[in-house]
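To start, the structure under review is shown below, and the notes come after it.
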Amino acid sequence: MTEVSVVKDAVPAADDLVVLKSVNKHFGALHVLQDIDLTITRGEVVVVIGPSGSGKSTLCRTINRLESIDSGDIRIDGKPLPAEGKALARLRADVGMVFQSFNLFAHKTVLENVMLGQLKVRKTDKKQAEEKARSLLDRVGVGTQADKYPAQLSGGQQQRVAIARALAMGPKVMLFDEPTSALDPEMINEVLEVMQQLARDGMTMVVVTHEMGFARSAANRVVFMADGRIVEEAVPDQFFSNPRSDRAKDFLSKILHH
Ligand SMILES: Nc1ncnc2c1ncn2[C@@H]1O[C@H](COP(=O)(O)OP(=O)(O)OP(=O)(O)O)[C@@H](O)[C@H]1O
Ligand SMILES: [Mg+2]
């Protein structure tokens, strides 16, 4: 049994953490997400791949409601996504997101960047927030950079700070949208290693990436998207050695043999 079925029982399993059912999203006439059904269980690492414009970023953005959906249902830990207000801020804290561009606050130090959400959203007291921030910065290997400003760090260091900042909120799931695409080659591995460790520690992760080495070694499942649909999903070995759809075969031949 290597394939993961998209058909699930009517009663959600206790360890289903992120559940999308019949999700549709349009941008004007463009149907960017078409009947997406996807269930991610606690502790699972799902790598999403597919051609440019297939809807990978939009999929991630709907999961923490940076984008609304037209129809369907998205639940995190059994609860539907809140539309606005404090509940939405808490949802965003539960669903950590790391983008291609690091999106750190330029006028705050690294330490302040990692403390801010804890203070504002989680209402953690200052001393505790600082302790947690410092320990997370150590964990991602940038503890000595705590008092610098983001611009004084390399891209790889900034991205690791962005990961620490998301982790500081104690998220249930982490979304990564091409976290290494903007990095110089020599900095890619230091970010992937932090993500590998996070996966080993049991974090639930959705990762959009072109790093097939990461997909092979860290993913429990590869989801292949094309034209707004999930065309194929399988464990990495099966997907890479024996893709079933022509779209996936074509995509893999382009990225693996160029
Ligand atoms: N805010 C928007 N308004 C209009 N169209 C959009 C918007 N965001 C994305 N799109 C379109 O929706 C489609 C899916 O975009 P999306 O960014 O999700 O693709 P992707 O798979 O992440 O692509 P890439 O690999 O290039 O990052 C594309 O055709 C894109 O041009
Ligand atoms: Mg994208």
Side-chain angles (χ1 to χ4, degrees), residues 6 18-38 40 45-74 76 81 83-84 88 91-92 95-104 155 158-159 162-163 166 173-185 187-188 191-192 195 205-216 218-219 221-234 236 239-240 243 245-258:
V6 288
V18 181
V19 180
L20 289 84
K21 279 195 185 133
S22 310
V23 168
N24 284 282
K25 166 84 184 168
H26 296 77
F27 285 119
L30 195 64
H31 198 172
V32 283
L33 295 179
Q34 304 190 28
D35 284 319
I36 299 291
D37 286 311
L38 181 65
I40 296 156
V45 178
V46 173
V47 163
V48 180
I49 65 173
S52 182
S54 56
K56 306 180 298 293
S57 294
T58 307
L59 177 73
C60 283
R61 292 167 62 82
T62 61
I63 296 175
N64 69 352
R65 219 175 187 288
L66 287 171
E67 297 284 357
S68 60
I69 57 175
D70 300 332
S71 65
D73 185 55
I74 303 179
I76 309 285
L81 299 190
E84 55 189 14
L88 181 57
L91 167 87
R92 298 243 169 90
V95 182
M97 179 127 186
V98 176
F99 303 89
Q100 182 174 331
S101 53
F102 324 121
N103 294 357
L104 297 172
Q158 288 185 59
Q159 194 58 304
I163 294 171
V173 52
M174 288 279 288
L175 310 176
F176 293 87
D177 188 1
E178 302 201 23
T180 60
S181 295
L183 298 177
D184 292 336
M187 292 169 193
I188 291 176
V191 172
L192 291 178
M195 292 167 61
M205 294 162 65
V206 179
V207 184
V208 179
T209 185
H210 299 295
E211 296 294 332
M212 296 302 130
F214 176 85
R216 276 181 184 277
R221 179 162 43 134
V222 173
V223 166
F224 174 72
M225 289 185 74
D227 298 330
R229 290 182 186 280
I230 294 177
V231 174
E232 190 164 338
E233 49 183 317
F239 179 78
F240 290 112
S245 64
D246 289 341
R247 291 301 298 266
K249 284 177 195 163
D250 182 52
F251 178 78
L252 286 176
S253 74
K254 281 179 186 141
I255 59 161
L256 297 176
H257 309 295
H258 66 127

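Each ligand, and each atom within it, is numbered from 1 in the order the structure gives.
Between the side chain of Arg229 and the main chain of Asp35, no donor-acceptor pair closer than 3.5 Å is present. With hydrogens and angles disregarded, no donor-acceptor distance shorter than 3.5 Å links the side chain of Thr180 to the backbone of Leu183. In this structure, Lys56 contributes its side chain and Ile49 its backbone to no donor-acceptor pair below 3.5 Å. Using a distance-only test at 3.5 Å, with no hydrogens or angles considered, no donor-acceptor pair links the side chain of Gln158 to the main chain of Leu104. Side-chain atoms of Gln159 come within 3.5 Å of backbone N or O of Phe99 as a donor-acceptor pair. No side-chain donor-acceptor contact under 3.5 Å links Glu233 to the backbone of Ile230.
Protein atoms of type N/O/S that fall under 2.8 Å from the Mg ion (ligand 2) number 1 in this view.
Residues of the protein with a heavy atom under 4.0 Å from ligand 1 are Phe27, Leu30, Val32, Pro51, Ser52, Gly53, Ser54, Gly55, Lys56, Ser57, Thr58, Glu178, listed by chain and number.
Two residues are said to be in side-chain contact when any heavy atoms from C-beta on lie closer than 4.5 Å; Val45 and Met195 fail this criterion. Considering only heavy atoms from C-beta on, Met212 stays 4.5 Å or farther from Val47 through its side chain.
Under the 30°/60° scheme for interplanar angles, the aromatic rings of His31 and His26 are found to lie parallel.
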